[in-house]
Amino acid sequence: MVTFAVVGVVNTATYYGLYLLLLTWLPYLAAHILAFLLSMIGSFFLNARFTYRTRPTWRKFLLFPLTNVTNFLITTAGVYVIVDVLHAGSRFAPLLASAAAIPVTFVVSRRIMLPGRELPQRETVA
């Protein structure tokens, strides 16, 4: 989980840097979508190598975007609400909106990258 978080920080920094760069030429939603897609490719390879220590395959690569569908929907809706509903500005909106999607993305990505393995269960003391 710690490695996933570190990869997530690197991925978020990559996304945010691309978002700010693209924001100079594109409307905020287009910048968000393109930055998201580019950083998702990097995320796949970082997670395969460092988080799950598994060989990247075309099958996993093609399934990996499914891990980000919920993340994408949550962050896109969040960016829209922050910018157009709350009028809070577009510079920090993606960072705020992405926080809620992190746990869901971890669970789904683990199921794709390590198929057939269950999530570790926490032991309860009775």
Using 0.5 Å steps for rounding, measure from the [atom1] atom of [X] to the [atom2] atom of [Y].
X   : Y   : atom1 : atom2 : result
I74 : F72 : CD1   : CZ    : 12.0 Å
N71 : L73 : CG    : CG    : 9.0 Å
S43 : Y15 : OG    : OH    : 13.5 Å
Y52 : N47 : OH    : CG    : 5.5 Å
N11 : L38 : CG    : CG    : 11.0 Å
L29 : T76 : CG    : OG1   : 7.0 Å

Quiz prompt | Donor + acceptor pair across side chains of S39, Y16 (<3.5 Å) | solution =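 No.
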[X] and [Y]: which non-hydrogen atoms are nearest, and at how many Å?
X    : Y   : result
S109 : F4  : OG-CE1, 3.6 Å
L23  : Y28 : CD1-CA, 3.6 Å
F64  : M40 : CE2-O, 3.7 Å
V79  : P94 : CG2-CA, 3.7 Å
R55  : K60 : O-NZ, 3.3 Å
A93  : V83 : CB-CG2, 3.8 Å

Self-check item: Sub-6.0 Å ring centroid separation between Y80 and H32
Solution: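 Centroid separation for Y80 and H32: 6.0 Å or greater.
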[X], [Y]: one ILVMFWY side-chain cluster at the under-4.5 Å cut-off?
X    : Y   : result
L37  : V7  : no
F44  : V9  : no
F106 : L95 : yes
V81  : F92 : yes
M113 : W58 : yes

Can you find a heavy atom in the side chain of [X] that is under 4.5 Å from one in the side chain of [Y]?
X    : Y   : value
L63  : R59 : yes
L34  : L18 : no
L46  : V10 : yes
F36  : Y19 : no
P56  : F61 : no
I112 : L66 : yes

